[in-house]
Chemist: 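There's a structure below that I have some questions on.
By convention here, the first residue in the shown sequence is residue 1. Every heavy atom of this structure was used, including side-chain atoms; hydrogens, water molecules and symmetry mates were not.
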Amino acid sequence: MARLRSFQRLAAHFVDIADFLLVYIEEAHPSAGWGSSDVHQKSTPPRRRAYNIPKHQCLQDRLRAAQLMREGAPDCPLAVDTMDNASSAAYGAYFERLYIIQEEKVMYQGGRGPEGYKISELRTWLDQYKTQLQSPSTVVIQV
């Protein structure tokens, strides 16, 4: 959830130049396999909260599990991948991945998560883009 909160802060910072979307895909560590836990930030002091998410058997299961993601970033729009994992396959998102898509073209593709998930790289790209947008283009015409 800490990464999700970092993503949400980034989205809030760049809301003037970009639209952000979270896509919930197949659960990386269903309860029948690996266990997953995170620090729940709303309590003081922080407490451990274990997530017990079974393997999705149907879209309703996936929609219910996606609500945990919504809790971590309530201001970001959320989409849910289909049960055939079309989005995950198309973008190589398994487990997590960051993308910038502009005019239907991939402009930035982060590494595969969790190791390749780097909010700092995304921030750098967006900072450069914002600077480019704010810099007036100078055109010199000689007559």
Chemist: For the ring pair Phe20 and Phe7, is the centre-to-centre distance below 6.0 Å?
Modeler: yes

Chemist: Let's go through Arg123 and His13 carefully: what are the C-alpha distance in whole Å and the side-chain angles of both, what is the deciding distance for side-chain contact (heavy atoms from CB on, under 4.5 Å) to 0.1 Å, and is it a yes or a no?
Modeler: CA-CA 9 Å; Arg123 177 178 290 280; His13 183 76; 3.6 Å; yes

Chemist: Kindly indicate whether the side chain of Arg62, heavy atoms from C-beta on, has any atom under 4.5 Å from the side chain of Asp81.
Modeler: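 Answer yes - side chains close enough.
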
Chemist: Work out which heavy atom in Ala66 is nearest to a heavy atom in Val80; give both atom names and the distance.
Modeler: CB-CG2, 3.7 Å

Chemist: Do Met107 and Lys105 come within less than 4.5 Å of each other through their side chains, counting heavy atoms only?
Modeler: yes

Chemist: How long is the gap from OG on Ser120 to CG on Asp127, to the nearest 0.5 Å?
Modeler: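 Taking OG in Ser120 and CG in Asp127, the distance rounds to 11.0 Å.
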
Chemist: Looking at Lys55 and Glu27, is there a salt bridge between them, counting it only when a charged N and a carboxylate O are closer than 4.0 Å?
Modeler: no

Chemist: Between CZ of Arg70 and CG of Asp75, what distance do you get to the nearest 0.5 Å?
Modeler: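 Rounded to the nearest 0.5 Å, the CZ-CG separation comes out at 9.5 Å.
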
Chemist: Set out, in order, the CA-CA distance, both residues' side-chain angles and the distance that settles ring pair (Phe, Tyr, Trp, His ring centres under 6.0 Å) for His56 and Tyr24, then state yes or no.
Modeler: CA-CA 12 Å; His56 308 141; Tyr24 185 84; 5.6 Å; yes

Chemist: Report the residue from Thr124, Leu126, Leu122 that forms a side-chain contact (heavy atoms from CB on, under 4.5 Å) with Tyr108.
Modeler: Leu122

Chemist: Specify the closest pair of heavy atoms between Ala11 and Cys76, including all atoms of both residues, with the distance to one decimal.
Modeler: CB-SG, 4.0 Å

Chemist: Verify whether one side chain among Ser6 and Arg9 offers a donor that lies under 3.5 Å from an acceptor in the other.
Modeler: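 Yes, side-chain donor-acceptor contact under 3.5 Å.
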
Chemist: Is there a side-chain contact between Asn85 and Ile25, using heavy atoms and a 4.5 Å cut-off?
Modeler: no

Chemist: Charged N to carboxylate O below 4.0 Å: is that the case for Arg64 and Asp61?
Modeler: yes

Chemist: Working to the nearest 0.5 Å, report the span between CD of Glu71 and CZ of Arg5.
Modeler: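 Glu71 atom CD to Arg5 atom CZ measures 10.5 Å (nearest 0.5 Å).
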
Chemist: Where do Glu115 and Lys118 come nearest, in terms of heavy atoms and distance?
Modeler: O-CE, 3.8 Å

Chemist: Can you tell me how the ring of Tyr91 sits relative to the ring of Tyr99, calling it parallel under 30°, perpendicular over 60° and tilted otherwise?
Modeler: perpendicular

Chemist: Inspect the surroundings of CG in Asp19 and state if more than 12 heavy atoms from other residues, nucleotides or ligands are less than 6.0 Å away.
Modeler: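 Not more than 12 within 6.0 Å, no.
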
Chemist: When rounded to the nearest 0.5 angstrom, what is the spacing between CG in Leu22 and CD in Glu96?
Modeler: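 Interatomic distance, Leu22 CG to Glu96 CD, rounded to 0.5 Å: 11.0 Å.
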
Chemist: Counting N and O atoms only, with roles assigned by atom type, does the side chain of Arg112 sit under 3.5 Å from a partner on the main chain of Arg97, one being a donor and the other an acceptor?
Modeler: no

Chemist: Calculate, to the nearest 0.5 Å, the distance between atoms CH2 and CD1 belonging to Trp125 and Ile100 respectively.
Modeler: 4.5 Å

Chemist: If you group Ile, Leu, Val, Met, Phe, Trp and Tyr by side-chain heavy-atom gaps below 4.5 Å, do Ile17 and Leu98 land in one group?
Modeler: yes

Chemist: Which pair of heavy atoms, one from Met69 and one from Val23, lies closest together, and at what distance?
Modeler: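 The pair with the smallest heavy-atom distance is CE-O, 4.4 Å.
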
